[in-house]
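Data block below; observations after.
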Amino acid sequence: MLDIAFIKENPELVKQAMQQKGEKETSAVDKVLEADADWRKTVHTLDNLRSESNQKAKQIGALMGQGKKDEAQAIIKETGEMKASIKELEEKERVLKDERDNLLLRIPNIPHPTVPVGHTENDNKEEARFGEIEDSEWKKPHWELAEANGWIDFSRGVKVTGAGFPFYIGAAARLQRALINYFIDTAIDKDYTELQAPYMVNEDSAKGTGQIPDKEDQMYVVPRDEFFLIPTAEVPVTNFHRGEIFEEKDLPVRYVCYTPCWRREAGSHGADVRGLNRLHQFDKVELVKFVKPETSYDELETLREDAEYLINALGLSYRRLLMCTGDMGFTQSKKYDLEVWSPGQKRWLEVSSCSNFEGFQARRMMVRYRDKDGKIETLHTLNGSGLALPRIMASVLEKYQEESGKVLVPEVLKPYMGGKDYL
RNA sequence: GGAGGGAUGGCAGAGUGGUCGAAUGCGGCGGUCUUGAAAACCGUUGAGGCGCAAGUCUCCGGGGGUUCGAAUCCCUCUCCCUCCGCCA
């Protein structure tokens, strides 16, 4: 969420940001300011009343101590109606606060000035392209390759669980594990701390990163224990520091975390979801950073570079998109997508998205830091995939297939694949 | 899963109805002393809200209650510890 003080000072800017992010209705801004004013007025009255009541209680205490029971009794009589109005005001204060906060949660993050203004994915800016756009007629999509070699079993996945829960078998299973290890090891070399996180989170955590109420339908729920299966490692890793105050000298903090991810993907059908393109359970290595505000945009660039490094090292062709205001999501202020070329499908596949949230997440989660002067400030959070596995698997299989049907092991993965040349 | 005991500031740990947002120790920060450091001594040191400020309010695991007044009493939930059971 945004800082209410910021909204108060820049209402027009906030409205403009909402429009740029594709929300026609900007009245929430005026409503939140109104609700905030109402709330503050009530707080003021309530505080005064409580102050008075506290004074009286203290007097009573003092009188009782001196044994002046009659005088104390007189004051107790006065407090009767005060108690009732305090209770009433407390209730009112709570309602107004909720009202304000609910409005506040509906206002999206402000796009950074460098973000292109636009409405759809067509307005995203393709910043760079690396490698050739391979268009060989004979190259098969990964699902045909995988089937021919017995590497991925989609139908047994359907039997055991449902669509979107494949089995990886033999060399493909090992390849996926090799990729995960390679990604994590590379991040460790770049000064990220490895984290192993819970795969289920509680409601507070789901709220912390904004999965609730925003993307509630995206998550699998374990109702009996009131847990949610994580849709990304971002959720447990960012919540790792929820409610904490960092010392300035400890920043930046960088984590790398591998987890499976579960997404319901309700409503997705068709060609987009063939093979490994879109799954209900998939693996991902996630990079998360907690940084000082003044460094967050530099950290976004290095985060993006760290993700790109992996794609490069695997020898895959890819392009980098700077997402436009309308396509980047509610919580981000700037976001890059990295898409690899899939030679078998002849299309781009998103494998990473790197975002700066500025203080938007941190404010909601109360993650802060103490600066040199001892002042407590909101810090900035960032995250990015480094990388999502299934589409990388797809792209690797397709890219490294030979006309014979054999698939070469990418050079950087050989140490993780027992030195073998072919899968 | 059963029985019992707990949850207090960065940590340890007092406080069991009234000037308690909380003793004390450690740690942190500032200072005195010292060539420098250590030790010693002095001071300072939780978070949030409202307010220009003075100030004021809230927070002693979460929620609810009793009371003029709750860290302290009652209910409830969660978590931790000990013992028993089960177990990768």
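Bear in mind that the values here come from a model prediction, so they are computed numbers and not experimental data. We name chains A, B, ... by the order of the sequence lines, and we start the count at 1 in each one.
- In this entry the distance linking NZ of Lys8(A) with P of rG51(B) reads 6 Å, nearest Å.
- Here the separation of rU76(B) from rG4(B), taken at their P atoms, is 13 Å to the nearest Å.
- Put simply, CZ on Arg242(A) is 18 Å from P on rG61(B), counting in whole angstrom units.
- When atom types are taken as modelled, the side chain of Arg264(A) and the backbone of Asp217(A) share a donor-acceptor pair closer than 3.5 angstrom.
- The base of rG69(B) is not paired with the side chain of Asn54(A) by any donor and acceptor separated by under 3.5 Å.
- An OP1 or OP2 oxygen of rG51(B) is reached within less than 4.0 angstrom by a side-chain nitrogen or oxygen of Arg40(A).
- Asn202(A) has its CG atom 14 Å from the C1' atom of rC77(B), to the nearest Å.
- Under 4.0 angstrom from either OP1 or OP2 of rC68(B) there lies no side-chain N or O belonging to Lys58(A).
- Nucleotide rC59(B) is matched to rG46(B) when pairs are restricted to Watson-Crick or G-U wobble geometry with both distances under 3.5 angstrom.
- Base pairing annotation: rA53(B) forms no Watson-Crick or G-U wobble pair, as no partner gives both donor-acceptor distances under 3.5 Å.
- rG36(B) is unpaired under the criterion used here, namely a Watson-Crick or G-U wobble arrangement in which both key atom distances are under 3.5 Å.
- Distance, Asn48(A) CG to rU56(B) C1': 8 Å, rounded to whole Å.
- Between Glu93(A) atom CD and rG48(B) atom C1' the separation is 13 Å, expressed in whole Å.
- The shortest distance between the side-chain N/O atoms of Ser51(A) and the OP1/OP2 oxygens of rU56(B) is not below 4.0 Å.
- For the side-chain hydrogen bond (donor to acceptor under 3.5 Å, both in side chains) with Thr381(A), the qualifying choice from His241(A), Lys289(A), Gln361(A), Glu234(A) is Gln361(A), the only one to do so.
- In this structure rU24(B) sits in a base pair with rA12(B), meeting the Watson-Crick or G-U test at under 3.5 Å.
- OP1 or OP2 of rG64(B) has at least one side-chain nitrogen or oxygen of Arg94(A) nearer than 4.0 Å.
- At a threshold of 4.0 angstrom between heavy atoms, the contacts of Ile75(A) with the nucleic acid are absent.
- Taking the side chain of Thr79(A) as heavy atoms from C-beta on, and the options rA47(B), rC57(B), rC68(B), the nearest nucleotide is rC68(B).
- Ile76(A) CD1 to Lys83(A) NZ: the interatomic distance, rounded to the nearest 0.5 Å, is 11.0 Å.
- Note on Arg368(A): a side-chain N or O is less than 4.0 Å away from OP1 or OP2 of rG48(B).
- Of all nucleotides present, only rA7(B) satisfies the Watson-Crick or G-U wobble test against rU78(B), with each distance under 3.5 Å.
- With rU66(B), rG69(B), rA47(B) as the choices, the nucleotide that has an atom nearest any side-chain atom of Lys87(A) turns out to be rU66(B).
- For the side-chain hydrogen bond (donor to acceptor under 3.5 Å, both in side chains) with Ser296(A), the lone residue among His112(A), Glu358(A), Lys334(A), His380(A) that qualifies is His380(A).
- Nearest to the side chain of Val43(A), among rC57(B), rC50(B), rG18(B), sits rC50(B).
- A side-chain donor from one of Asn239(A) and Arg242(A) sits under 3.5 Å from a side-chain acceptor of the other.
- Taking atom CD of Glu247(A) as the reference point, atom P of rU45(B) lies 17 Å away to the nearest angstrom.
- Of the N and O atoms on the side chains of Asp30(A) and Ser27(A), not one donor lies less than 3.5 Å from an acceptor on the other residue.
- Residue Lys83(A) places its side chain closer to rC68(B) than to any other of rG48(B), rG46(B), rC68(B).
- Rounded to whole Å, the distance from CD on Glu52(A) to P on rC68(B) is 17 Å.
- Residue Ile376(A) is classed as a sugar-phosphate contact, given heavy-atom separations below 4.0 Å to backbone atoms only.
- Taking atom CD1 of residue Ile4(A) and atom P of nucleotide rC50(B), one finds them 9 Å apart after rounding to whole Å.
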